[in-house]
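Remarks on the structure that follows.
Values in this document were obtained by computation on a predicted structure and should not be read as measured data. In each ligand, atom 1 is the first atom listed, and ligand 1 is the first ligand listed.
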Amino acid sequence: MHTGYEAYDVVGIGFGPSNLSLAIALEEHWANASERPPKAVFFERQPSFGWHRNMLLPSTTMQVTFLKDLATFRNPMSRYSFVSFLHEAGRLARFANNQSFFPTRREFHQYLEWAASGFADRVSYGATVEEIRLPSDSGPEGIDHLRLHVRTASGTKVVGARNVAISTGLVPRMPAGVARDERVWHSSEFLERYGRTDPRELARVAVVGAGQSAAEITRFLHESLPHAQVTSVIPSYGYSIADDTPFANQVFDPGAVDEYYFGSERTREAFWRYHRNTNYSVVDSEVITDLYQRSYDEEVSGDKRLHFLNLTRVDEVKQAGERTCLSISSLLDGDSRELEVDAVVCATGYDSMEPAALLGDLDRYCLRDDAGRYQVRRDYRLVTAPGFNCGIYLQGGTEHSHGLTSSLLSNTAIRSGEIADSIVASIGDAGLAAAPADPVAGGTSVRTRNVVSER
Ligand code: FDA
Ligand code: NAP
């Protein structure tokens with residue numbers, strides 16, 4: 001086996017909540033075991049831990065209960081729970097007095113940073129994984145490790161991995177044909193762009209979309225730019241409420257993953273048809289009520305600067321010097337017209353995580369279904385061609401196989417626990433106990449066995 005580079009049992013690509021939760025699950029698995037823990041490393045392209053930093057708007061709250069933190073659903077005794085964080089921060093009693101299940105996003109970010117700091121020795125920040133490749137010396141007996149090309153400020157290095165957990169997150173989506181620039185922003189870059197712009201230059205701003213991001217940004221701009229005209233371009237008649245009522249919320253329960261995964265096409269279709277409104281193109285009731293009240297107050301005062309263009313979509317954004325011009329079309333009268341603004345925020349959502357670019361040539365070893373989607377085992381491991389003995393696990397990008405929770409926090413603790421179990425099983429207890437400090441580099445044969453989890 002090739003030994004020219006550092007090698008690991010597990011390499012995590014991306015260190016957001018999903019892989020952070022995996023790091024916790026792996027650590028807790030070995031906390032009481034006598035065997036050597038797997039050698040794991042995580043690469044994160046950001047210079048430090050950050051969770052959707054550009055959307056940490058004041059007063060915004062989490063959309064899941066704090067009990068759906070990085071660990072509690074898998075291990076209620078975990079020292080990485082949100083409650084443990086509050087205890088350490090000396091805020092447990094005060095948090096409880098709030099009588100809310102939903103912390104602010106800023107506080108949850110503090111929690112995630114606190115948890116991430118426990119893994120500083122296993123995370124490389126400012127490190128972008130550019131490609132996963134086959135080792136140059138793959139023998140006829142099969143492929144038992146992979147090479148990852150990692151770019152850092154000091155150059156590109158190569159590391160080896162027996163298992164890879166890809167968790168690179170959602171991909172911002174702009175309206176078709178619209179490119180970002182200094183005054184055309186996606187919501188995922190909002191606070192950074194806003195912070196770099198002189199508010200006096202923002203007399204007319206537009207926000208595109210009718211999801212949670214759009215509603216929160218509209219409220220923020222209305223609040224922060226008291227001199228500005230704020231126009232919200234929304235494709236629906238009005239904002240729709242995010243259904244988080246108890247029965248509907250059960251689609252995010254861990255058990256729903258089995259029902260989705262092992263269900264028929266009709267079962268899966270029903271999940272989306274009836275429950276898409278738990279998450280996509282919907283807004284929390286509190287934000288809807290707030291925006292409506294603002295709009296109504298302006299009507300009463302006669303000083304109107306918050307505008308809603310409903311049943312309207314953005315078709316194009318044109319730049320002419322300093323001018324930013326939106327081409328919008330209305331379903332109300334079928335008319336198209338132009339709207340000139342100083343900046344536009346496209347809160348137009350995200351595409352699922354797509355690992356194909358990272359997989360490069362390896363992609364041909366990953367099996368796909370008739371619709372061209374990756375085949376994914378119940379343990380989130382890609383189904384690969386015979387002889388491919390490495391594990392490639394997906395945290396995200398599995399909506400087609402595992403359902404609505406695939407990109408969300410709701411099931412993170414359980415999902416990463418299942419992945420950790422699968423990795424542990426594939427390494428094999430006996431292999432670990434006998435392995436030297438660096439099993440791949442040392443050329444030791446670490447047993448692999450498949451986990452029973454096919455559909
Ligand atoms: P996440 O996107 O958080 O992390 C991926 C990481 O990978 C990033 O840090 C990125 O820098 C890194 N990365 C990407 N490519 C890389 C590469 N090639 N090499 C190295 N690193 C790379 N869900 C929910 O259940 N409740 C909620 O309240 C919210 N709130 C929320 C707010 C906002 C504004 C958004 C946009 C989304 C949410 N979500 C959510 C959904 C969201 O997907 C979820 O909160 C987590 O971010 C998912 O965590 P991940 O670690 O999977 O992705
Ligand atoms: P989203 O829910 O996918 O909403 C995107 C919106 O943009 C939709 O209303 C969509 O309309 C609209 N849109 C797309 N193209 C358009 C066009 N050309 N013209 C007009 N409108 C257009 O995206 P999101 O709001 O960013 O939410 C993404 C995820 O992040 C969700 O899980 C959400 O819950 C989460 N989030 C959470 C918080 C929080 O925790 N506080 C904050 C923000 C986001 P169509 O429906 O017609 O496509």
Looking only at protein heavy atoms, which one is nearest to [atom], and how far off is it?
atom	result
atom 12 (C) of ligand 2	G209 CA, 3.7 Å
atom 44 (C) of ligand 2	S213 OG, 3.3 Å
atom 37 (C) of ligand 2	Q63 OE1, 3.0 Å
atom 37 (C) of ligand 1	H52 NE2, 3.5 Å
atom 20 (C) of ligand 2	V208 CG1, 3.3 Å
atom 16 (C) of ligand 2	R313 NH2, 3.4 Å
atom 28 (C) of ligand 2	Y350 CD1, 4.0 Å
atom 32 (O) of ligand 2	N279 OD1, 2.6 Å
atom 19 (N) of ligand 2	V314 N, 3.0 Å
atom 19 (N) of ligand 1	V129 N, 3.0 Å

Q) To the nearest 0.5 Å, how far apart are CG in L148 and CD in E130? A)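 Nearest 0.5 Å value for the CG-CD distance: 11.0 Å.
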Q) In Å, rounded to the nearest 0.5 Å, how long is the span from OG of S213 to NE2 of H186? A)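 Interatomic distance, S213 OG to H186 NE2, rounded to 0.5 Å: 7.5 Å.
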Contact between [X] and ligand 1, counting heavy atoms under 4.0 Å?
X	answer
S188	no
G396	no
R105	yes

What atoms in ligand 1 come closer than 4.0 Å to a heavy atom of [X]?
X	result
Y350	36 (C)
V64	25 (O), 26 (N)
G169	2 (O), 5 (C), 53 (O)
S407	41 (C), 42 (C), 43 (O), 44 (C), 48 (C)
M55	34 (C)
G16	4 (O), 6 (C), 51 (O)
S410	25 (O)

Answer yes or no: does an N/O atom from [X] fall short of 3.5 Å to an N/O atom of ligand 1?
X	result
W51	yes
L409	yes
L408	no
R45	yes
Q46	yes

Q) Going through the checks in order, is the ring-ring contact (aromatic ring centres under 6.0 Å, His included) test met by F15 and F42? A) CA-CA 6 Å; F15 200 62; F42 295 85; 5.2 Å; yes
Looking only at side chains, do [X] and [Y] share a donor and an acceptor under 3.5 Å apart?
X	Y	answer
S416	S21	yes
Y374	R368	yes
Q63	D244	no
N98	S100	no
Y260	H400	no
E6	Y8	yes

Any protein heavy atom sitting closer than 4.0 Å to [atom]?
atom	value
atom 39 (N) of ligand 1	no
atom 42 (C) of ligand 2	yes
atom 30 (O) of ligand 2	no

Below 30° counts as parallel, above 60° as perpendicular, anything between as tilted: where do the rings of [X] and [Y] land?
X	Y	value
F271	H275	perpendicular
F190	F220	perpendicular
Y280	W272	tilted

Run the numbers for me: atoms of ligand 2, each under 4.0 Å from some heavy atom of [X], listed by number.
X	answer
Y280	2 (O)
R105	39 (C), 40 (O), 41 (N)
A347	5 (C), 6 (C), 7 (O)

Polar atom proximity, [X] to ligand 2 (N or O, under 3.5 Å):
X	result
A210	yes
R173	no
T60	no

Shortest non-hydrogen contact between [X] and [Y], atoms and distance:
X	Y	answer
Y80	E27	OH-OE2, 3.2 Å
H145	P135	O-CD, 3.0 Å
V11	G160	CG2-O, 4.1 Å

Taking the minimum heavy-atom distance to [atom], which of [options] ranks first?
atom	options	value
atom 9 (O) of ligand 1	Q63, M62, E130, E44	E44
atom 11 (O) of ligand 2	G349, P235, S236	P235
atom 8 (C) of ligand 2	S187, S329, S281, G177	S281

**Q.** Non-hydrogen atom of T61 closer than 4.0 Å to ligand 2
**A.**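 For ligand 2, residue contact (heavy atoms, under 4.0 Å) with T61 is present.
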**Q.** Test applied, ring pair (Phe, Tyr, Trp, His ring centres under 6.0 Å); reference residue, F82; option that passes from F95, W114, F102, F101
**A.**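 Filter result, single survivor: F95.
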So, does [X] use its side chain to make a donor-acceptor pair with the main chain of [Y] at under 3.5 Å?
X	Y	result
S406	G403	yes
S422	E418	no
S352	G397	no

(Q) Testing N310, T289, T218 one by one against Y239 for a side chain to side chain contact (heavy atoms under 4.5 Å, CB included), which residue passes? (A)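 Among N310, T289, T218, the one that satisfies the side chain to side chain contact (heavy atoms under 4.5 Å, CB included) with Y239 is T218.
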Q) Just heavy atoms, cut-off under 4.0 Å: does A127 contact ligand 1 by side chain, backbone, both, or neither? A)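 Near ligand 1, A127 shows its backbone, while the atoms from C-beta on stay back.
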Q) Mind checking whether Y125 and F43 have ring centres under 6.0 Å apart? A)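 Distance test on ring centres: not under 6.0 Å, no.
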Q.
Any salt bridge linking E28 with R79? Criterion: basic side-chain nitrogen under 4.0 Å from a carboxylate oxygen.
A.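 No, E28 and R79 are not salt-bridged.
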